[in-house]
Structure formats: structure tokens, C-alpha cells
Amino acid sequence: MPRHWLFKSEPSVFSIADLARVKSTSWDGVRNYQARNMLRDDVKLGDKVLIYHSNAEPTGIAGVGTVSMPGHPDETAFDRRHEHYDPKSLRENPTWFLVDVRHEQTFPHVITRDMLGSDPVAKGMMVLRKGSRLSIQPVTPDEFKAVLRLAK
DNA sequence: GCCAACGTTGGC
DNA sequence: GCCAACGTTGGC
């Protein structure tokens with residue numbers, strides 16, 4: 001039984017349209033320990049991912065992806081010239097992990113925070129909580145279904 | 001651009 | 001281990 005997640009991205013950096021174009025990507029650059037733990041331990045092959053556009057117009061959920069490869073080390077942390085380079089992360093003992101995500105669908109319209117907040121189920125989502133900065137968040141099956149309904 | 005909320009760092 | 005200072009996130 002696949003689990004459900006919400007991954008944040010600033011669309012000016014990487015958007016659902018970018019994901020649709022490249023088909024599949026390594027979700028690199030997550031540099032938060034709580035998010036790391038989920039990427040390393042909890043996000044499994046086949047899990048569904050809501051792609052959330054933050055710092056955007058409109059802000060909200062833009063589509064769905066599927067986990068095509070579970071947690072493995074984030075190679076960008078080893079690359080001295082990469083902006084996500086972290087000298088503390090060593091190949092023999094990596095600090096940072098990522099998963100690969102394949103594009104599944106782009107919603108016909110972004111599901112805005114207002115729309116989520118108006119839905120009796122979706123309004124409970126972590127992403128709506130004030131100060132919710134976690135970039136990898138768990139989503140319940142019911143919340144996921146509610147978002148898909150709102151996307152129609 | 002503002003600023004509240006949060007995570008991390010580092011002095012003690 | 002505490003906690004103030006700092007940097008970042010992200011909605012508005």
C-alpha cells in the first residue's frame with residue numbers, strides 16, 4: 001500500500017512543468033534532518049507525491065509524482081562546486097539522501113491554499129499550518145484523495 | 001519587501 | 001545543556 005507525501009519546490013527553481021518535461025528527477029538539495037530521515041527511511045518505491053509550489057503565484061499543489069527510486073545518497077552534497085555541497089557529508093557516511101520522482105500528472109489548475117482550507121479533509125494538512133517549513137511532509141490517504149477531488 | 005516561525009550554530 | 005544570535009523559509 002503506497003504512502004502519500006507532499007514535496008515542496010519553488011517553481012522558479014523546479015516546477016511541475018519541469019518534472020513533466022524531464023519525466024523523472026532526483027529530488028536533490030533537501031538539507032533538513034527531519035526531511036532527510038523521511039527520504040532515507042520512510043519514502044518507498046511507488047509512493048505518491050503531491051508536488052507543492054511554494055513562493056509562487058499561485059501557491060499550492062500543482063500535480064502528482066510517483067517515487068521511482070527510494071532513498072539513496074544525495075550526490076550533490078559531495079560536489080565541491082555544487083550549490084548544495086556539504087563538506088560534512090562523506091561518501092562512506094552520507095549525511096543527505098534523496099529519492100527519484102517520476103511525473104504522473106499535472107493538475108489542470110493549481111490547488112490553492114484557499115481551496116485546501118475550504119475542504120473539510122484537506123484543511124487538516126500539515127502544509128497549511130502556520131510556520132510549516134518542512135519540505136517533505138507526510139499526507140494521509142484521505143487528504144490525498146481530497147486533493148485529487150479538488151483537482152477535478 | 002516584510003516579517004513570523006523555525007532550524008542551526010556556537011559561546012558559555 | 002542552555003539559549004541568544006543568526007540565517008532561511010515562505011505566506012502575504
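Protein chains get the first letters and strands the later ones, always in sequence-line order, with residue 1 at the start of each.
DNA chain B is contacted by no residue of residues 75-90 of chain A, taking any non-hydrogen atom closer than 4.0 Å.
By the side chain to side chain contact (heavy atoms under 4.5 Å, CB included) test, A/Arg3 pairs with A/Trp5, A/Lys44, A/Asp47, sequence neighbours left out. Residues forming a salt bridge (charged side-chain N to carboxylate O under 4.0 Å, His left out) with A/Arg21 (at least two apart in sequence, or on another chain): A/Asp18.
The shortest side-chain heavy-atom distance between A/His53 and A/Ile16 falls under the 4.5 Å cut-off.
Put simply, the side chain of A/Ser9 gets close to the backbone of A/Phe14: a donor and an acceptor are under 3.5 Å apart.
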Polar atoms only, N or O, under 3.5 Å: list the protein pairs with nucleotides 1-8 of chain B and their distances.
{"residue": "B/dA5", "atom": "N3", "partner": "A/Arg133", "partner atom": "NH1", "Å": "3.3"}
{"residue": "B/dC6", "atom": "O2", "partner": "A/Arg133", "partner atom": "NH1", "Å": "2.0"}
{"residue": "B/dC6", "atom": "O2", "partner": "A/Arg133", "partner atom": "NH2", "Å": "3.4"}

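The aromatic rings of A/His4 and A/Phe144 are tilted relative to each other, their planes meeting at an angle between 30° and 60°.
One interatomic measurement links the two molecules: CG of A/Leu134 to P of C/dG11, which rounds to 13 Å at whole-angstrom precision. Rounded to whole angstrom, the span from the CZ atom of A/Arg129 across to the P atom of C/dG10 amounts to 15 Å. The CD atom of A/Glu57 sits 11 Å away from the P atom of C/dC12 (whole-angstrom rounding).
With A/Arg31 as the fixed residue, the side-chain hydrogen bond (donor to acceptor under 3.5 Å, both in side chains) test singles out one of A/Asp74, A/Thr95, A/Asp86: A/Asp74.
The shortest distance between the side-chain N/O atoms of A/Tyr52 and the OP1/OP2 oxygens of C/dT9 is not below 4.0 Å.
Applying the side chain to side chain donor-acceptor pair (under 3.5 Å) definition to pairs two or more places apart or across chains, those involving residues 125-137 of chain A are A/Ser132-A/Gln137. Residue pairs that meet the salt bridge (charged side-chain N to carboxylate O under 4.0 Å, His left out) test with at least one member in residues 60-73 of chain A, sequence neighbours left out, do not exist here.
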